[in-house]
Amino acid sequence: MITLAEGLRLPTNGLDYTILALYFIVVLGIGFAAKRSVKTSLDFFLSGRSLPAWVTGLAFVAANLGATEILGMAANGAQYGAYTVHWYWIGAIPAMVFLGLVMMPFYYGSKVRSVPEFLLHRFGPSSHLLSSVIFAVSSVLIAGVNLYAMAIVLQALLGWPQWVAIVVAGFFVLAYITIGGLSSAIYNEVLQFFVILAALIPLTIVGLKRVGGWDGLTDSLSSSHGDAFLTAWKGTGIGEGNPLGANWLTIVLGLGFVMSFGYWTTNFAEVQRALSAKNLSAAKRTPLIAAFPKIFIPLVVVVPGLIALVMEPSLGKSEDGLQYNDAIPVLMRDLLPNGVLGIAVTGLLAAFMAGMAANVSSFNTVFTNDIWAAYLKKGREDAHYLKTGRIVTAVGVLIGMGTAFIASSFSNIMNYLQTLFSFFNVPLFVVFIIGMFWKRTSAAAGFWGLLSGTAAAMVNYFWLYKQGIIAIPSDQGANFVSSIVAFVVGALVMFVVTLCTEPKSAESLAGLVYGTRSPGMAELPAEGDDAWYRKPALLGWSAVVLAALCYVPFSL
C-alpha cells in the first residue's frame, strides 16, 4: 500500500495556501486563453500542429515529470542509490535522440494524429485496433498512478481527505484540457516544468547544506551502505549482488534498449507533444531539446532521495514507519519554511497534474481518432469528433480516478509503472522497429508480434517471477527481464509469421519503411541533401547530448 507516515503533516499556513490557489487560477486561465485557438479537432488533439520547438521540448520532458520522477525516482534513489541514474542516462537520453533523428520523420511526415494510426498505415486495421486498445488502457492506468500518489501525498501533507484530493486535482485537469485541448495541456506543462524546478532546487540545496554538502552526503552513505551505493556500475557484473537486483546485461538490454526505446519512441503521451510542433524540423528537435534538462533531472530528484536517507536512516526499514516513497515529503517537512513550503507543495501538485494531463490528453486522442472515428462512428463532421474528444476527456479522468487504487498494491510507484511499460510499450516497440526497417514484414506479423510480446511479458512477470519458478532478486530486475522476453518473443513471432504470409505491396509501404518516400510526404528525409545526417544543427544537438551522456555516467 502506498501510504505516507502520519508524522509527515506539514505546518502549512495561509501564505502556502495562497500560493497554491494562485497556481490553480493561472492553470485555469491558460485553459481559457487556449480555448480561442480550438476551432477544429486537429486544434484540440494536436494544437493545430503550430507550436514552436522550445515549447514542445519543455512539454515533452514535463509530461514525464510526474509521479514517476518526483516520488518514484526519489524513492529509487533512497532504495537503490546511484544505480537510479541508469533510468536517465542509459534509459532515456539515447532513446530520445533516436526518436528525434530516426522516428519523428516517419511520425510527423505521414501526418498521423497518433502512434496507433501509424500502425494502421503500416500493418492494417488488426494491429491498429489492438494497439489503440493497449494505448487507451495503459494511458488511464498511468493517469491513475499520478492521481493516487497525489491524493496520498496531499492527505498526509495537508490533511485533505483522499477523495477530496482526487476530486480537486481531477477537476482542474479535466477543466483545462476540456476547455483548451492539447494546447492548454502543453502550455500548462511548460509552466509546471518551471514550478517543479522552483520546488526541487531549493529542496536539494538546503538538504545538501544540512547533511554537510556533497562530501558529507557521500561519507555518510558510504559508511552506512558501502561504496557501491554511490556508483552506477559497481557490483553489476553477472553473478554479483547489488541493491537493484540487476546486472549490466539486463540494465543495458532490458532498461537501456528494450524498455527505454519502447517507452520513449512509442508512448503517445510523449510523442503527441512532438506531433504538435509547427513543422518537421521542430518535431525532430522536440526530444533533442528535452534531452538537455533530462540529463540534469537526477540532481534534483535522485539526490534528494539520498539526502532523505541520511536525514532519516529509518526509511524503508519497517512496514509501519517511513517508506522510500516518503523521501521528498520528509525533506519538505524538515527543511522548508512557509512560503517556500507553499511553492514545494504547488510543485509537487504540478508534477502529478502534468503526468495525469499527458496521459488523459493521449487517451482522448487515441480513443476518439483510432477507436471511435475509425470503427464506431465513421465519416462524421469534424464538430462531432471535437465534441466527442471533450466528452472522452471527462470519461478518461473518471476512469483514472478508478484505476488510481490499482497502484495501491505496489510499495514503490516506479515498480508499478515499469511493469506497465514492459507489458505495453516494449511489444509496440518491437513491432515498430521491425516494421520500419524490414520491408518484408507482413500485416499479420504486426498483429501477432504485438499480441505475443504482450502475453509473453505478462507470463514472465505473473507466472514465472511471481510464482517463484525463476529467481529474480527484485521487481525492477523482473521488469527488465520481462522487457527482454517481450522483445525476443515478439521479434521471433514476427519473423516466423512474416515468412509464412504475404508481404504488403511496395506501393503501400512508401514513406512507411526506412529508405522509402511517398509523393505526399514531402518533409520526409531522403538520401539527398535533406537527409537527417546532412543536417548540421541536428547533428550538433545530438553530439552535445551524447557527449554529456558519455561523460557523466563514467565519471561516477
Side-chain angles (χ1 to χ4, degrees), residues 47 51-74 76 84-101 103-104 107 142-143 145-146 182-201 204 260-261 263-277 282-304 347-362 414 417 421 425 541-542 544-546 548-549 552:
S47 301
L51 300 180
W54 74 269
V55 171
T56 55
L58 290 180
F60 188 97
V61 69
N64 183 249
L65 202 58
T68 307
E69 302 284 322
I70 307 303
L71 287 188
M73 284 302 182
N76 271 6
T84 308
V85 301
H86 290 309
W87 270 273
Y88 296 88
W89 299 328
I90 300 297
I93 308 298
M96 293 167 76
V97 173
F98 182 82
L99 171 64
L101 294 183
M103 296 191 72
M104 279 315 303
Y107 282 145
I142 297 171
V145 175
N146 287 279
L182 185 64
S183 292
S184 176
I186 286 179
Y187 280 112
N188 268 302
E189 283 162 1
V190 173
L191 169 66
Q192 287 157 353
F193 175 75
F194 291 107
V195 172
I196 292 165
L197 290 184
L200 293 178
I201 290 174
T204 305
S260 168
F261 278 66
Y263 175 80
W264 290 103
T265 64
T266 68
N267 184 36
F268 188 49
E270 305 295 336
V271 175
Q272 187 182 27
R273 273 73 194 143
L275 287 178
S276 65
K284 289 179 182 178
R285 284 183 282 126
T286 293
L288 300 180
I289 290 172
F292 282 99
K294 190 70 175 177
I295 291 174
F296 301 104
I297 293 297
L299 297 178
V300 293
V301 176
V302 180
V303 172
L348 201 59
L349 187 59
F352 294 131
M353 291 175 66
M356 184 185 178
N359 285 283
V360 170
S361 59
S362 65
M414 178 55 68
L417 290 170
F421 298 153
N425 292 97
W541 282 100
S542 306
V544 173
V545 171
L546 291 177
L549 174 68
V552 179

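Excluded from the calculations below are hydrogen atoms, water molecules and symmetry mates; all remaining heavy atoms, backbone and side chain alike, are included. These figures come from a predicted structure and were not determined experimentally.
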With sequence neighbours left out, write down each residue that passes side-chain hydrogen bond (donor to acceptor under 3.5 Å, both in side chains) with Thr84, or none if nothing qualifies.
none
Find the distance between [atom1] ([X]) and [atom2] ([Y]) and round it off to the nearest 0.5 Å.
| X | Y | atom1 | atom2 | value |
| --- | --- | --- | --- | --- |
| Ile93 | Trp264 | CD1 | CH2 | 8.0 Å |
| Trp89 | Ser260 | CH2 | OG | 15.0 Å |
| Ile201 | Ile196 | CD1 | CD1 | 11.5 Å |
| Leu51 | Leu58 | CG | CG | 12.0 Å |

Closest approach of Arg285 and Ala53, non-hydrogen atoms and distance?
NH1-CB, 3.4 Å
What verdict does the side-chain contact (heavy atoms from CB on, under 4.5 Å) test give for Leu275 and Thr286, after you've listed the backbone C-alpha separation in whole Å, the side-chain angles of each residue and the deciding distance to 0.1 Å?
CA-CA 9 Å; Leu275 287 178; Thr286 293; over 6 Å; no
Side chain to side chain contact (heavy atoms under 4.5 Å, CB included) with Ala283: which residues, sequence neighbours excluded?
Met104, Tyr108, Ala277
Residues at least two apart in sequence or cross-chain that pass ring pair (Phe, Tyr, Trp, His ring centres under 6.0 Å) with Phe193, listed by chain then number, are none
Enumerate donor-acceptor pairs with a distance under 3.5 Å from any side-chain N or O in residues 289-304 to protein atoms, sequence neighbours excluded.
{"unit_1": "Lys294", "atom_1": "NZ", "unit_2": "Asn64", "atom_2": "OD1", "d": "2.7"}
{"unit_1": "Lys294", "atom_1": "NZ", "unit_2": "Glu69", "atom_2": "OE2", "d": "2.9"}

